[in-house]
Amino acid sequence: MAGTRENGLDLVLAQPRGFCAGVVRAVETVERALARNLARHDGRPVYMRHAIVHNDRVVADLEAKGARFVESLDEVPDGAVTVFSAHGVSRAVEAEAARRGLPVIDATCPLVAKVHMQGQRYAAQGRTVVLVGHAGHAEVEGTLGRIDGAVHLVGSVAQAETLDLPADTRLAYVTQTTLSVDDTRAIIAVLERRFPDLVGPETRDICYATQNRQAAVRALAAVADLILVVGAKTSSNCNRLREVAAEAGRPSRLVAGAEDLEDLDLDGIRTLGLTAGASTPEASIVEVIAALQRRTPVRISTLPGIVEGVSFPLPSSLGHS
C-alpha cells in the first residue's frame with residue numbers, strides 16, 4: 001500500500017453497514033436448499049437464476065457449497081431445484097419454470113415483491129406506470145416484466161424532463177429499491193411538475209436498508225476525510241453509497257477487498273470512514289479492516305446509528321419443493 005503512516009489512523013465505521021434482512025434471507029434460502037438436497041438427493045446442485053446478490057464473494061461461497069449460477073432457465077436441467085434471486089424475476093421467467101415443471105424457490109426480497117404489487121395495482125387502475133430505475137439492472141428487468149401494459153423506465157432527471165407523454169396522463173410511479181434517495185426525489189419532483197395527475201409512494205419504495213445506509217454515510221461524511229465503501233463494483237446499492245459520500249463533499253472509493261487497497265494513499269488522512277453495502281458480507285469488511293491494521297495502527301470506533309431488527313421469513317416453498 002502507498003503512504004505508510006507512523007501516527008496511526010482513526011477508523012470510523014458507519015452504522016448500519018453490510019448485509020440487510022433481504023440478503024440474509026436470500027443467502028440462507030440457498031444454503032437451506034443445498035442442505036436439503038444433500039440430505040434428500042445425494043447432494044445434487046441447486047441452480048440459481050442470476051447471482052443471488054451482486055457480490056462475487058457471496059456467489060463464490062455458495063458455489064463452493066454446490067450452487068450453480070445461470071442466467072437462463074435453458075441452462076437448468078429438468079427436475080433441478082431452481083432459486084430465483086433476491087432481485088426478482090419477470091412473469092415470463094416464472095411461467096417458463098412452471099411450464100418445465102421446475103421445483104422453484106422464490107428468494108425475491110419481500111420489499112422488491114412489494115414494488116411489483118404496487119406497480120400492478122397502479123396498472124389495474126388504468127394508470128400509465130413509470131419505473132424509476134437503472135436500465136439493465138436485474139431488479140428493473142424483473143419489475144418491468146411484472147406490470148401489465150406499457151411501463152416507462154426513467155433513470156435520471158434528464159429522462160424525466162423528456163418523458164414523451166401528454167401532460168394530462170394519469171401517471172403513477174414505482175422505484176427500484178436500491179436507488180439514491182436524493183436522486184430519486186429529484187426525479188419525482190420533475191414528474192410532479194410535468195404531470196399533475198401523478199400518484200406514487202414518494203421514496204418509500206426505496207428499501208429501509210438502502211435509506212439507512214445512505215443516511216449513515218452522510219453522518220460519516222461529517223467526520224471522515226475519506227470514505228471507503230466495501231462492496232462489489234456491480235452492486236447498485238454499493239455504488240449509490242459511494243455517490244452519496246461524494247455528494248456530501250467527501251472523497252469516496254469503492255473497494256471489493258484488501259486487494260483494492262494496494263494503491264490507497266492515506267497521506268493527509270486523519271480520519272477514515274468505512275461502510276459497506278447491503279450485499280456485502282461481514283468477511284469482506286473484516287478483511288479490509290485487517291489490511292488497514294497491517295499498514296498502520298488503527299483506532300476503531302462506530303458512529304451512533306440505527307440498529308436494524310428487521311427479519312424476513314424464509315420462502316414457504318423450502319418446505320415443499
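Keep in mind that this is a model prediction, so the values were computed, not measured.
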> In Å and rounded to the nearest 0.5 Å, what is the CE to CZ distance from M48 to F69?
Replying inline: 5.5 Å
> When you look at V199 and R170, which way does the side-chain contact (heavy atoms from CB on, under 4.5 Å) test go after all the steps?
Replying inline: CA-CA 8 Å; V199 297; R170 296 182 66 237; over 6 Å; no
>> Please check this pair: side chain of R213 against backbone of A14, looking for a donor-acceptor N/O pair closer than 3.5 Å.
In response: no
> For the side chain of T162 and the backbone of A158, is there at least one donor-acceptor N/O pair under 3.5 Å apart?
Replying inline: yes
>> Tell me whether R68 is salt-bridged to E63, with the criterion being a basic N under 4.0 Å from an acidic carboxylate O.
In response: no
>> Grouping I, L, V, M, F, W and Y whenever their side-chain heavy atoms are under 4.5 Å apart, do V181 and V244 come out in a common cluster?
In response: no
> Is the backbone of A221 close enough, under 3.5 Å, to the side chain of R250 for a donor and an acceptor to pair up by distance?
Replying inline: yes
> What distance separates R91 CZ from L144 CG, expressed to the nearest 0.5 Å?
Replying inline: 12.5 Å
>> Apply side-chain contact (heavy atoms from CB on, under 4.5 Å) to residues I105 and T29 and explain how you reach the verdict.
In response: CA-CA 8 Å; I105 302 171; T29 294; 3.5 Å; yes
> Charged N to carboxylate O under 4.0 angstrom, K233 versus D260?
Replying inline: yes
> Mind checking whether L303 and L9 sit in one hydrophobic cluster, side chains of I, L, V, M, F, W, Y counted as touching below 4.5 Å?
Replying inline: no
> L13, I227: one ILVMFWY side-chain cluster at the under-4.5 Å cut-off?
Replying inline: no
> Pick one: which of L241, V58, V230 meets side chain to side chain contact (heavy atoms under 4.5 Å, CB included) with T280?
Replying inline: V230
> Is there a donor-acceptor contact under 3.5 Å linking the side chains of Q120 and D148?
Replying inline: no
> Any Lys/Arg nitrogen of R99 or E96 sitting under 4.0 Å from an Asp/Glu carboxylate oxygen of the other?
Replying inline: yes
>> Q15: which residues meet the side-chain hydrogen bond (donor to acceptor under 3.5 Å, both in side chains) condition with it, sequence neighbours left out?
In response: none
>> How close do A97 and V104 get, counting heavy atoms only, and between which atoms?
In response: CB-CG2, 3.7 Å
> Quick one: salt bridge (charged side-chain N to carboxylate O under 4.0 Å, His left out) pairs with a partner in residues 172-193, sequence neighbours left out?
Replying inline: E161-R193, D182-R185, D182-R218
> Do other residues, nucleotides or ligands put more than 12 heavy atoms under 6.0 Å from the CG atom of D56?
Replying inline: no
>> Looking at R253 and D265, is there a salt bridge between them, counting it only when a charged N and a carboxylate O are closer than 4.0 Å?
In response: no
> What are the two closest heavy atoms between V157 and A186, and how far apart are they?
Replying inline: CG2-CB, 3.8 Å
> Which pair of heavy atoms, one from F195 and one from L165, lies closest together, and at what distance?
Replying inline: CE2-O, 3.5 Å
> So which of T184, L131, V130, V140 actually passes side chain to side chain contact (heavy atoms under 4.5 Å, CB included) with T175?
Replying inline: T184
> Between E71 (side chain) and R49 (backbone), is there a donor-acceptor pair under 3.5 Å?
Replying inline: no
> With distance as the sole criterion, is a donor-acceptor pair present between the side chains of T169 and T128 under 3.5 Å?
Replying inline: no
> Atom NZ of K114 and atom OG1 of T108: how far apart are they, to the nearest 0.5 Å?
Replying inline: 15.5 Å
> Any sub-3.5 Å donor-acceptor pair from R32's side-chain atoms to L314's backbone N or O?
Replying inline: no
> Between S279 and S235, is a side chain to side chain donor-acceptor pair (under 3.5 Å) present by the stated rule, with each step listed?
Replying inline: CA-CA 7 Å; S279 55; S235 166; 3.2 Å; yes
> CD1/I285 to CZ/F19 distance, rounded to the nearest 0.5 angstrom?
Replying inline: 9.0 Å
> When rounded to the nearest 0.5 angstrom, what distance separates NE2 in H116 from OG1 in T143?
Replying inline: 3.5 Å
> Judged by modelled atom types alone, do E139 and T177 share a side-chain donor-acceptor pair under 3.5 Å?
Replying inline: yes
> Taking the side chain from R194 and the backbone from A160, do they hold a donor-acceptor pair closer than 3.5 Å?
Replying inline: yes
> How far does OG of S252 sit from CG of L228, to the nearest 0.5 angstrom?
Replying inline: 9.0 Å
>> I'd like to know if the side chain of R146 reaches the main chain of E141, judged simply by a donor and an acceptor atom lying under 3.5 Å from each other, with no hydrogens or angles considered.
In response: no
>> Give me the atom names and distance for the closest heavy-atom approach of A291 to L261.
In response: CB-CD1, 3.8 Å
> Given side chains that start at C-beta, do those of Q293 and I300 come closer than 4.5 Å, heavy atoms only?
Replying inline: yes
>> If you compare all heavy atoms of T210 against all heavy atoms of L179, which two are closest, and at what distance to 0.1 Å?
In response: CG2-O, 3.4 Å
>> Would the distance check show the side chain of S85 and the main-chain N or O of V83 forming a donor-acceptor pair, the cut-off being under 3.5 Å?
In response: no
> Is there a path from L171 to V154 through hydrophobic residues (I, L, V, M, F, W, Y) whose side chains come within less than 4.5 Å of each other?
Replying inline: yes
> In terms of side-chain geometry, is the basic nitrogen of D225 or R270 positioned less than 4.0 Å from the acidic oxygen of its partner?
Replying inline: no
> At their closest point, which heavy atom of R17 faces which heavy atom of T275, and how far apart are they?
Replying inline: CB-OG1, 3.8 Å
> Is any side-chain heavy atom of Y47 closer than 4.5 Å to a side-chain heavy atom of V81?
Replying inline: no
>> Run R240 and S236 through side chain to side chain donor-acceptor pair (under 3.5 Å) and show every step you take.
In response: CA-CA 6 Å; R240 299 297 82 73; S236 176; 3.1 Å; yes
